[in-house]
Amino acid sequence: MKMINKEKFIIRNYHKGDYPAIMDLWIATDLGRPERGDNEKIIEESITLGGCMLIMEEKKSGTITGTSWMTFDGRRIHLHHFGISPDYQGKGLSKPLLEESLKFVKKKGYQVKIEVHRDNLRAIRLYKKAGFEYLGDYDVYIIRSPGKITY
């Protein structure tokens with residue numbers, strides 16, 4: 001595995017206009033899709049409500065290589081869509097992105113929670129090294145379309 005010079009990347013806040021490249025990354029990593037509610041309007045609203053979207057970008061090309069989307073529910077920060085583009089995975093870029101994410105969380109002063117697929121062992125190791133603890137053995141359920149609520 002060849003490590004990438006981390007100095008060739010920046011981590012910055014989301015800018016209007018980033019969305020198409022973000023969605024390409026999320027689709028490539030299976031982190032998100034517009035039909036799941038992962039759209040530009042929701043991202044921008046979540047930032048307005050106290051969240052943050054960090055972007056990792058290759059300085060030379062301007063290529064978005066990673067994202068960390070943090071939403072705030074008034075009680076805790078939820079770390080979503082934390083991922084590195086498949087072309088850049090395994091090269092040491094997730095740690096600096098996670099460090100910047102946790103700096104945001106620490107500054108906010110709230111708990112942070114992340115959901116990760118059970119078989120994503122590389123991510124689980126990263127999160128455990130950063131201090132995340134396993135919350136418990138339960139499954140997560142969701143209603144993605146409010147029109148499908150039966151009550």
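These numbers come from a predicted model, not from an experiment.
Within the 4.5 Å cutoff, no side-chain heavy atoms of M56 are placed close to those of I10. Taking the side chain as every heavy atom from C-beta outward, S94 and F82 approach each other to under 4.5 Å. Contact of the T29 side chain with the Q89 side chain is registered, since non-hydrogen atoms from C-beta on lie closer than 4.5 Å. Here the side chains of F132 and I124 are not in contact, with every heavy-atom distance at 4.5 Å or above. Side-chain contact between E44 and K16 is present, with at least one heavy-atom pair separated by less than 4.5 Å. The shortest side-chain heavy-atom distance between V105 and Y110 does not fall under the 4.5 Å cut-off.
Sequence neighbours left out, the pairs with a member in residues 106-120 that pass salt bridge (Lys or Arg N to Asp or Glu O under 4.0 Å) are R118-D137, R118-D139. Within the structure, salt bridge (Lys or Arg N to Asp or Glu O under 4.0 Å) contacts touching residues 53-65 (residues at least two apart or in different chains) are R12-E57.
Electrostatic pairing of K41 and E45 counts as a salt bridge here, judged by a charged N lying under 4.0 Å from a carboxylate O.
Taking all atoms of both residues into account, the shortest heavy-atom contact from P96 to I11 is O-CD1, 3.5 Å.
At a cut-off of 3.5 Å, with distance as the only test, a side-chain donor of T71 or H80 sits close to an acceptor on the other residue.
The hydrophobic cluster containing W26 also includes Y14, Y19, I22, M23, L25, I27, L31, I42, I43, I47, M53, I55, I64, W69, under a criterion of side-chain heavy atoms closer than 4.5 Å among ILVMFWY residues, counted directly or through chains of members.
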